[in-house]
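Since we're looking at a predicted model, the values are computed, not measured.
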Amino acid sequence: ETRRPEKPQTSVLHDATLLDSVHSLRKEAKSSLEAGALCITCDYRLYRFDWEESERRGVQPVMVLPNLFLQLLRPFVPPSWDFDKMFAETFAIPEFRTIDSRSSRAASRLLALLATYKDFPEATAVSMLANDMLLDRLREIQDPATFEAQVESAIVAETTELLEDKIELERQLAEERTANRAKLQRWLTEKQELAAQGEEDSRRVEAAEQERTALQERLAQAAQQAHSETIEVARLRGVVDRTFRGIRLVAFFILTVAWVVGVLGLPGWIDWHWLQHHQNLYAIQAVTIVLGMCFIGGLLFHSSRARLWFGSAGAVVLLAALLTLLGGPKQ
């Protein structure tokens with residue numbers, strides 16, 4: 001009541017009730033951020049009264065001005081011009097304004113005059129009602145014509161400001177469209193480059209696939225040809241083996257016959273008297289023929305060489321013993 005004598009009694013009671021309600025929600029904390037309740041106001045005299053009374057009573061104040069509240073939010077909100085602008089516009093709405101009785105009378109006259117205009121923009125009317133400087137000028141004017149002239153001048157100024165804001169917004173939108181168009185163009189260019197690169201990669205992959213398929217076909221043909229050649233070589237090897245086996249058999253037969261004839265006819269050809277009249281002549285001839293046959297067979301048949309040369313020793317001994325029992329010619 002001392003600082004705002006023009007404030008109505010109802011407003012004073014409202015402020016007292018508000019202060020008492022916020023204090024009742026507060027906790028015992030040294031920091032206002034941890035106290036659990038704050039009250040943001042644009043009424044500087046109410047803010048000053050709360051701080052002086054809180055200091056006198058030894059409690060934490062509860063009233064905070066918007067600019068101080070913004071400083072409290074700084075550590076938690078990234079710096080942005082748009083955020084500061086929206087913050088200022090939020091606390092400029094009429095709900096946060098304190099209008100005394102004289103300003104309220106000027107505001108009522110302003111509303112009555114604005115109501116006579118057809119389709120007057122609501123945003124312009126709210127902005128003019130929140131303009132303290134305009135209301136201060138209007139509450140001193142009593143002449144209706146001067147009052148109307150001041151309002152029209154304010155409408156022109158407000159409209160001009162709105163037009164300037166509109167032009168600025170259009171400029172920002174144009175810049176954003178240009179930037180977005182440039183980004184879109186870059187994106188389309190990058191997309192085309194990626195598409196071209198993808199097509200080139202697809203062609204390379206397709207060419208590599210074709211080359212791989214052709215190589216597989218060539219490998220299959222080479223494998224088939226190698227298989228055919230292997231079969232043909234095996235067939236020729238079989239023919240050669242059979243031919244050589246026949247030749248060996250014929251040679252074995254001829255050499256064996258020649259060896260038998262030679263062994264049997266040798267004593268008479270060389271007139272070997274000792275051998276001709278030896279009592280074991282048949283055994284000696286038989287053993288010689290068998291050994292000669294084994295030796296000839298070992299020379300011609302490599303796979304049976306060890307068996308013919310070394311495996312028949314026991315049989316030769318038994319055959320010699322048997323033929324020895326037959327004896328030779330009579331003396």
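One finds the CG atom of Leu188 at 14.0 Å from the NZ atom of Lys183 (value rounded to the nearest 0.5 Å). Atoms CD and CZ, on Glu170 and Arg177 in that order, are 8.5 Å from each other to the nearest 0.5 Å. Here CG of Asn67 is found 10.0 Å from CG of Leu72. Values are rounded to the nearest 0.5 Å. Note that CG of Leu46 is 7.0 Å distant from SG of Cys39, once rounded to the nearest 0.5 Å. The CZ atom of Arg212 sits 10.5 Å away from atom CD of Glu217, with the distance rounded to the nearest 0.5 Å. Atom CG of Leu65 and atom CH2 of Trp51 lie 9.5 Å apart (nearest 0.5 Å).
A chain of hydrophobic side-chain contacts below 4.5 Å, direct or via other Ile, Leu, Val, Met, Phe, Trp or Tyr residues, connects Leu19 to Phe69. Placement of Leu249 and Leu255 within a single hydrophobic cluster is found when ILVMFWY residues are connected by side-chain heavy-atom separations under 4.5 Å, directly or transitively. One hydrophobic cluster holds both Phe49 and Leu68 under the rule that ILVMFWY side chains link at heavy-atom gaps under 4.5 Å.
Salt-bridge check for Arg56 with Glu52: failed, with every basic side-chain N at 4.0 Å or more from each acidic carboxylate O. Using a 4.0 Å cut-off between a side-chain N of Lys or Arg and a carboxylate O of Asp or Glu, Arg204 and Glu200 qualify as a salt bridge. Taking the charged nitrogens against the carboxylate oxygens, Glu206 and Arg203 have no contact shorter than 4.0 Å, which rules out a salt bridge.
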| said: Test side chain to side chain contact (heavy atoms under 4.5 Å, CB included) on Gln224 and His227; report intermediate values, then the result. | reply: CA-CA 5 Å; Gln224 185 176 3; His227 182 66; 5.6 Å; no
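A donor-acceptor contact shorter than 3.5 Å links the side chain of Asn180 to the backbone of Glu176. Although no hydrogens or angles enter the test, the distance criterion places no donor-acceptor pair under 3.5 Å between the side chain of Arg26 and the main chain of Val62. Counting only distance, with no hydrogens or angles, the side chain of Thr178 and the backbone of Ala174 share a donor-acceptor pair below 3.5 Å.
Within a 6.0 Å radius of CZ in Arg171, other residues, nucleotides and ligands contribute more than 12 heavy atoms. Counted within 6.0 Å of CD on Glu209, heavy atoms from surrounding residues, nucleotides or ligands total more than 12; the atom is thus considered enclosed.
A heavy-atom distance below 4.5 Å is not found between the side chains of Glu55 and Pro61. A 4.5 Å side-chain heavy-atom check between Leu219 and Leu215 finds at least one atom pair inside the cut-off. Gln197 places a side-chain heavy atom less than 4.5 Å from the side chain of Leu194.
No side-chain donor-acceptor contact under 3.5 Å links Gln221 and Gln225.
Looking at Leu38, Asp15, Leu18 one by one, the single match for side chain to side chain contact (heavy atoms under 4.5 Å, CB included) with Met63 turns out to be Leu18.
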